[in-house]
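What follows is a structure written as structure tokens; I'll ask about it next.
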Amino acid sequence: MATSDKFRSFLHEEDGGEKIEWRHGAPPTYDTVNLLFEAGRTKEWPKGSLEETVQNAIKSWEMELSHKLQLKDFKTINPEKFKLFVNGRDGLSAEETLKVGSYNALLKNSLPEEFKYYKAEEESFESSHDVFRSAFPRGFAWEVLHVYSGPPLIAFKFRHWGFFEGPFKGHAPTGQKVEFYGLGTLKIDESLRAEEVEIYYDPGELFAGLLTAGDEPKTSRCPFST
């Protein structure tokens, strides 16, 4: 029997009596990554606070993006208006984001080939998730560190982390923690659905932890893509 998830909404709900079409046939289970999150988070926000609300809203959106097949089943976004912007690149529509998946949307860049440690254009939705599920068997936890403004345009700082315990693109796992930090804005409508999400972060922080000794990035930082 499905149980609720205290960090995510819309995980086990039905819509008008019609079953949600799940990517893997059933709602996902987040028990393992929730344990990672609770053990490693640096902030524990009061229940009902703006910080907790934003944190859980982003987790719920990521859940829908990763596991729901049809935009009509999404409750966290306004599908007609939604745009995702990453590091100043052109925005992706809801349909485009759902097609490529969260990893490819976040990691696509226009860097020279020698600096592309992950080639989003060569990965499908499924292969991209397989790559990172392999590298982070316990999941990749996410937390809000600070919220700078309230709705309708919410600005926040976040942290993403996991333990490199499985292979990544031929690189052996180290067991070490891999983490990166970033900033984001979330524009919501009157129904609290996301219309625009903007994310800014340095991909070099992620890849520095995934490349084995001797294969570190050739620059001291990975510049934002344009």
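For clarity, every value in this text was computed on a predicted model and none was experimentally measured.
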Which residues, ordered by chain and number, are linked to Y181 in its hydrophobic cluster, where ILVMFWY side chains connect at heavy-atom gaps below 4.5 Å, directly or through other members?
-> L145

Quick one: does NZ or CZ of K59 land under 6.0 Å from the six-membered ring centre of F37, within 45 degrees of the ring axis?
->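 K59 over F37 ring: yes.
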
Ring pair (Phe, Tyr, Trp, His ring centres under 6.0 Å) partners of F74, counting only residues at least two apart | none

Scan residues 44-54 for pairs that pass side chain to side chain donor-acceptor pair (under 3.5 Å), counting only residues two or more places apart or in two chains.
-> R41-E44

With no hydrogens and no angle check, do the side chains of S60 and E64 hold a donor and an acceptor under 3.5 Å apart?
-> no

Does NZ in K83 sit with more than 12 non-hydrogen atoms of other residues, nucleotides or ligands closer than 6.0 Å?
-> yes

Chi angles and distances behind the side chain to side chain contact (heavy atoms under 4.5 Å, CB included) call for H160, F140 | CA-CA 7 Å; H160 225 332; F140 206 35; 3.5 Å; yes

Among pairs that include at least one residue of residues 85-109, which meet ring pair (Phe, Tyr, Trp, His ring centres under 6.0 Å), considering only residues two or more places apart or in two chains?
-> Y103-H129, Y103-F132

Please tabulate, for side-chain N and O atoms in residues 147-156, each donor-acceptor pair with protein atoms closer than 3.5 Å (sequence neighbours left out).
unit_1: S149; atom_1: OG; unit_2: L153; atom_2: O; d: 2.9
unit_1: S149; atom_1: OG; unit_2: A155; atom_2: N; d: 3.1

Could I get the full list of salt bridge (Lys or Arg N to Asp or Glu O under 4.0 Å) partners for E198, not counting sequence neighbours?
->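 Scan of E198 (salt bridge (Lys or Arg N to Asp or Glu O under 4.0 Å), adjacent residues dropped) gives none.
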
Salt bridge check: are E113 and K116 linked by an N-O gap of less than 4.0 Å?
-> yes

Do the rings of F207 and F168 sit parallel, tilted or perpendicular, given the 30° and 60° boundaries?
-> tilted

